[in-house]
Novice: 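What follows is a single structure, and I will ask about it in a moment.
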Amino acid sequence: MTGVGPVDERDPLLDEVAVMFHLLDPVPDHVLVAAMAAPEVVAAWRDLDAGLLDILADSALQPMAAGMRSGGGPRLVTFGDSADSCTVEVEVGVEPSGTLRLVGLVLPTGPGELEVRHPGGVLRVSVDELGRFRASGVPSGPLSFVLHPNGERTATTDWITV
Amino acid sequence: MIMTLREDRIADGTADPMVSVTGSIPVRSTVGSRVGVRGEDRLDSPPLAELIDRAGRGDQQAWRDLVNRYANLVWSVARSYRLEHADAADVCQTTWLRLAEHLDSLREPSRLPGWLATTARRESLRVIAGRRREAPGALPDEPDPDPSAGPETLVLIEDRDSRLWVAFGALSERCQQLLRILSSAPELSYVEVGVALGIPVGSIGPTRGRCLESLRRRLTAADFTGSDFGGSGMSRGSRG
């Protein structure tokens with residue numbers, strides 16, 4: 001059962017490798033099920049006409065600065081829009097139980113609400129007048145935030161693995 | 001050394017993969033290019049642009065078709081970075097959630113496979129870095145065959161496949177990664193593979209040839225029988 005690839009340079013050995021991984025390391029069913037459900041997870045917020053905040057920086061992907069101790073410091077993720085009109089900074093810490101503790105800052109500052117959405121549900125926390133928020137017991141895995149600043153347009157952040 | 005990822009190669013980590021693949025990308029036909037893997041790339045499957053358009057308008061079947069077509073690619077990228085099952089599952093889920101979020105704004109359908117591979121790579125690197133922060137010095141678990149591949153599956157594996165598995169495990173990390181991605185997504189252009197793996201496009205062709213040659217040599221040279229390959233990570237010897 002050899003695949004007929006594009007006539008250019010498809011090596012039959014690559015097809016054998018594909019079949020081998022299909023047998024020995026296939027996509028688990030629960031991964032497929034989760035992927036199938038992604039639109040439903042996203043759709044709950046789709047009607048908001050919310051602006052999408054991209055990931056601007058993630059300390060997990062920054063080269064370690066010289067002299068910094070390896071593995072030092074909590075992870076810091078920054079979301080924002082191209083106009084720089086709204087940013088969310090989040091520090092991710094790991095709790096002893098393995099869940100995550102988030103401490104963050106929303107700019108511009110001002111009281112409001114923030115939702116931490118994950119595939120299994122949503123956590124609602126308040127944002128104080130200085131733009132600060134904190135959440136604990138957050139499951140690790142994909143995560144996104146939905147901002148509800150008082151009197152301002154709602155914004156959602158892109159998804160990120162934490 | 002298992003970890004070949006270097007921080008200096010991932011400094012571009014937060015750029016939008018949607019725009020980081022530039023220029024005209026030759027996308028090869030996917031028709032008939034795969035065999036027997038979860039019914040992907042059926043001859044009668046609709047064109048990619050149509051699937052994306054329909055999925056963006058809420059067509060669940062179109063979304064399912066997209067997932068079926070590319071789930072193996074996304075999974076393969078995560079696993080090629082030696083993520084254990086739970087972490088690879090997280091990476092896959094983030095990748096598909098992102099796609100669901102960005103589906104409306106996907107301008108060039110032909111770039112979808114590259115976008116998925118790049119997103120999965122970036123999320124894999126986040127997970128690896130995160131785990132390193134939690135437990136400095138710790139290396140990710142070595143991948144092992146899917147637990148669902150129980151004894152009844154393993155006995156079905158042809159002798160050829162088991163010899164291939166061992167020979168593959170003896171390849172360098174870079175070769176394993178490149179060959180797995182290439183085998184899982186024949187329609188990816190070298191540009192997309194280069195972006196997805198963070199390696200120069202010009203080196204992919206020669207590396208691919210060298211890796212395949214090395215694999216072929218190992219397959220024919222010796223009758224490997226579950227020997228230890230010094231932690232190369234793919235030997236099935238540790239499994240009952």
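The chains referred to below are lettered A, B, ... by the order of the sequence lines, with proteins before strands, and numbering in each begins at 1.
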Novice: Give the member of A/Ser140, A/Pro119, A/Ser144 that has the highest number of heavy-atom pairs under 4.5 Å with chain B.
Specialist: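 If we count pairs closer than 4.5 Å to chain B, A/Pro119 comes out on top.
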
Novice: Just so I understand: if I count every heavy-atom pair under 4.5 Å between each of A/Leu143, A/Ile160, A/Val162 and chain B, which residue has the most?
Specialist: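 Heavy-atom pairs under 4.5 Å are most numerous for A/Ile160.
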
Novice: Do B/Glu123 and B/Arg126 sit within salt-bridge range, that is, some charged N less than 4.0 Å from a carboxylate O?
Specialist: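 Judged by the 4.0 Å cut-off on N to carboxylate O distance, B/Glu123 and B/Arg126 do form a salt bridge.
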
Novice: Strictly distance-based, threshold 3.5 Å: is any side-chain N or O of A/Glu95 a donor or acceptor partner for the main-chain N or O of A/Gly137?
Specialist: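 Yes; judged by distance alone, with no hydrogens or angles, the pair exists.
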
Novice: Let me know if A/Val31 has heavy atoms under 4.5 Å from chain B in its side chain, its backbone, both or neither.
Specialist: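 Contact with chain B involves the side chain of A/Val31 alone.
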
Novice: Please identify, among B/Val67, B/Leu97, B/Asp90, the residue contributing the most non-hydrogen atom pairs under 4.5 Å to chain A.
Specialist: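 Going by pairs under 4.5 Å, I would pick B/Leu97.
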
Novice: Got a donor-acceptor contact below 3.5 angstrom from the A/Asp54 side chain to the A/Leu56 backbone?
Specialist: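 No; zero donor-acceptor contacts below 3.5 Å.
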
Novice: So, A/Arg75 side chain and A/Ala60 main chain: donor-acceptor pair closer than 3.5 Å or not?
Specialist: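 Not confirmed, A/Arg75 side chain does not pair with A/Ala60 backbone.
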
Novice: For B/Trp75, is it the side chain, the backbone, both or neither that has a heavy atom under 4.5 Å from a heavy atom of chain A?
Specialist: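 Only the side chain of B/Trp75 comes within 4.5 Å of chain A.
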
Novice: Quickly, which of B/Leu125, B/Val91, B/Asp87, B/Val127 forms a side-chain contact (heavy atoms from CB on, under 4.5 Å) with B/Tyr81? Name it, please.
Specialist: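 Running side-chain contact (heavy atoms from CB on, under 4.5 Å) over B/Leu125, B/Val91, B/Asp87, B/Val127 with B/Tyr81 returns exactly one hit, B/Leu125.
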
